[in-house]
Amino acid sequence: MQKILLLCIVSSLTTYGQGIVRLSNFDPSLGIDAKVALPDGTGAGAGITAQLLLVRAGGALTPLTPTTTFQTASEDVKFYVNPVDVVVPGVPPGQSATFRFIFYSTSAGSYDAAANDPLAFYGQWNDVTVPFLGGDPGGGGAILPAAPLLGLGFQSLTLVPEPGTIALGILGGLALLARRRK
């Protein structure tokens, strides 16, 4: 019983004192309208994951969770992610933190997999510093609302075809050449 109580206390302390930021690229009340578009100008939509990376001192990157996907209800909303609040470990509420907003193929499964596969990693925005993270500041203070990602700008994704698509295209071209020679 004592081990369970100790585990509960330790787990609550690990979540205590962590800031929160809202991963969203659209909030008209704050003037945020940072569309993410495909090269043809349409919204990113299905099949693309958005994630925040915490940019630490010296440029070290820490992937944060949860990730989110792009909205798909209509053509107008495919430019925007499904908003989600992201916990920022090691950065207390009220403090500042720098983030990088990245996009990768949902089929990659994770940032680490996408970062090592140029065909799965679609892009990123410049780093954005949020000066005042939300969360529970402790000491009886009021809970701070999740801080928004102010300073995001329009982004266009360059989608790279999957290796299977490239291979099929090459095989099709070779088949046409072979047929032409006969």
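Computed from a predicted model, the values in this text were never measured in an experiment.
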Undergrad: Any donor and acceptor pair, going by atom type alone, linking the side chain of Gln71 with main-chain N or O of Val81 inside 3.5 Å?
TA: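 At least one qualifying donor-acceptor pair exists.
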Undergrad: Below 4.5 Å, heavy atoms only, C-beta onward: do Ile32 and Ser24 meet side chain to side chain?
TA: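 Sidechains of Ser24 and Ile32: no contact.
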Undergrad: Could you walk me through whether Val88 and Leu64 pass the side chain to side chain contact (heavy atoms under 4.5 Å, CB included) check?
TA: CA-CA 7 Å; Val88 185; Leu64 302 176; 4.3 Å; yes
Undergrad: Within the structure provided, determine whether Val36 and Asn25 are in side-chain contact (heavy-atom separation under 4.5 Å).
TA: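 A side-chain contact exists here, since the closest heavy-atom pair is under 4.5 Å.
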Undergrad: With no hydrogens and no angle check, just 3.5 Å: does a side-chain donor-acceptor pair link Tyr80 and Asp33?
TA: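 The criterion, which ignores hydrogens and geometry beyond distance, is satisfied for Asp33 and Tyr80.
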Undergrad: Check whether any side-chain N or O of Ser96 sits under 3.5 Å from a backbone N or O of Phe132 as a donor-acceptor pair, and report yes or no.
TA: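 Between the backbone of Phe132 and the side chain of Ser96 there is no qualifying donor-acceptor contact (under 3.5 Å).
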Undergrad: Between Asn82 (side chain) and Thr68 (backbone), is there a donor-acceptor pair under 3.5 Å?
TA: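 No, Asn82 side chain to Thr68 backbone: no donor-acceptor pair under 3.5 Å.
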Undergrad: Can you find a heavy atom in the side chain of Leu149 that is under 4.5 Å from one in the side chain of Leu52?
TA: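 Yes; the side chains approach each other to less than 4.5 Å.
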Undergrad: Looking only at heavy atoms, which two atoms of Val77 and Ala73 are closest? And how far apart?
TA: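 Reported closest heavy-atom pair: CG2-N, 3.8 Å.
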Undergrad: So which heavy atom on Ala50 is nearest to which on Phe101, and how close?
TA: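 What the structure gives for the nearest pair is CB-CE1, 3.9 Å.
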Undergrad: Please tell me if the side chains of Tyr104 and Ile48 come closer than 4.5 Å, counting only heavy atoms from C-beta onward.
TA: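 Of all side-chain heavy-atom pairs linking Ile48 with Tyr104, none is under 4.5 Å.
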Undergrad: Is there a side-chain hydrogen bond (donor to acceptor under 3.5 Å, both in side chains) between Asp40 and Thr42? Walk through the geometry before answering.
TA: CA-CA 6 Å; Asp40 65 3; Thr42 60; 2.6 Å; yes
Undergrad: Distance only, no hydrogens: is a donor on one side chain within 3.5 Å (strictly under) of an acceptor on the other, for Asp112 and Ser110?
TA: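 No, no side-chain donor-acceptor pair sits under 3.5 Å.
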Undergrad: Would a hydrophobic clustering, with Ile, Leu, Val, Met, Phe, Trp and Tyr connected at side-chain separations under 4.5 Å, put Leu144 with Val130?
TA: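 Leu144 does not cluster with Val130.
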Undergrad: Answer yes if Leu61 and Ile102 sit in the same cluster of Ile, Leu, Val, Met, Phe, Trp and Tyr residues linked by side chain heavy atoms under 4.5 Å apart, and no otherwise.
TA: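 Result: yes, single cluster for both.
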Undergrad: Let's go through Thr49 and Phe70 carefully: what are the C-alpha distance in whole Å and the side-chain angles of both, what is the deciding distance for side chain to side chain contact (heavy atoms under 4.5 Å, CB included) to 0.1 Å, and is it a yes or a no?
TA: CA-CA 7 Å; Thr49 296; Phe70 285 81; over 6 Å; no
Undergrad: With a 4.5 Å heavy-atom cut-off, do Val128 and Thr98 have their side chains touching?
TA: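 No, too far: nothing below the 4.5 Å cut-off.
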Undergrad: Nearest 0.5 Å please: distance from the CG atom of Leu53 over to the CG atom of Asp127.
TA: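 So the CG of Leu53 and the CG of Asp127 are separated by 9.0 Å.
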Undergrad: Quick check: does any side chain N or O of Thr129 sit under 3.5 Å from a backbone N or O of Ala97, one acting as donor and the other as acceptor?
TA: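 No, the answer is negative, given that no donor and acceptor are paired below the 3.5 Å cut-off.
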Undergrad: State, to 0.1 Å, how close Phe79 and Ala37 come at their nearest heavy-atom pair, and which atoms those are.
TA: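 Minimum heavy-atom separation between Phe79 and Ala37: CE2-CB, 3.8 Å.
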Undergrad: Find out whether Leu133 and Gln95 are in side-chain contact, i.e. whether some heavy atom of one side chain is under 4.5 Å from a heavy atom of the other.
TA: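 No, every pair of side-chain atoms sits at 4.5 Å or beyond.
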Undergrad: Rounded at 0.5 Å granularity, tell me how far OH in Tyr111 sits from CZ in Arg100.
TA: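 These two atoms lie 7.5 Å from each other.
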Undergrad: Search all heavy atoms of Ala120 against all heavy atoms of Ala108 and return the closest pair with its distance.
TA: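 Shortest heavy-atom separation between Ala120 and Ala108 comes out as CB-CB, 3.8 Å.
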Undergrad: For atom CG of Asn126, is the number of surrounding heavy atoms from other residues, nucleotides or ligands below 6.0 Å larger than 12?
TA: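 No, the 6.0 Å shell around CG holds no more than 12 heavy atoms from other groups.
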Undergrad: Cut-off 3.5 Å, side chains only: do Ser29 and Asp27 have a donor facing an acceptor?
TA: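 Their side chains do contain a donor-acceptor pair, which is all the 3.5 Å distance test asks for.
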Undergrad: Hey, what's the ring geometry for Trp125 with Phe103, parallel, tilted or perpendicular (30° and 60° as the breaks)?
TA: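 Plane angle over 60°, so perpendicular.
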Undergrad: Looking at CZ of Arg22 and CG of Leu30, how far apart are the two atoms once the value is rounded to the nearest 0.5 Å?
TA: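 Output value for this atom pair is 10.0 Å.
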Undergrad: Could you check Thr62 against Arg56 for side chain to side chain contact (heavy atoms under 4.5 Å, CB included), going step by step and ending with a plain yes or no?
TA: CA-CA 8 Å; Thr62 302; Arg56 296 195 182 268; 3.0 Å; yes
Undergrad: Within the structure provided, determine whether Ile20 and Val86 are in side-chain contact (heavy-atom separation under 4.5 Å).
TA: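 Not touching, per the 4.5 Å side-chain cut-off.
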Undergrad: In the single-linkage hydrophobic clustering (I, L, V, M, F, W, Y; side-chain heavy atoms under 4.5 Å), do Phe121 and Val55 co-cluster?
TA: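 Phe121 and Val55: one cluster.
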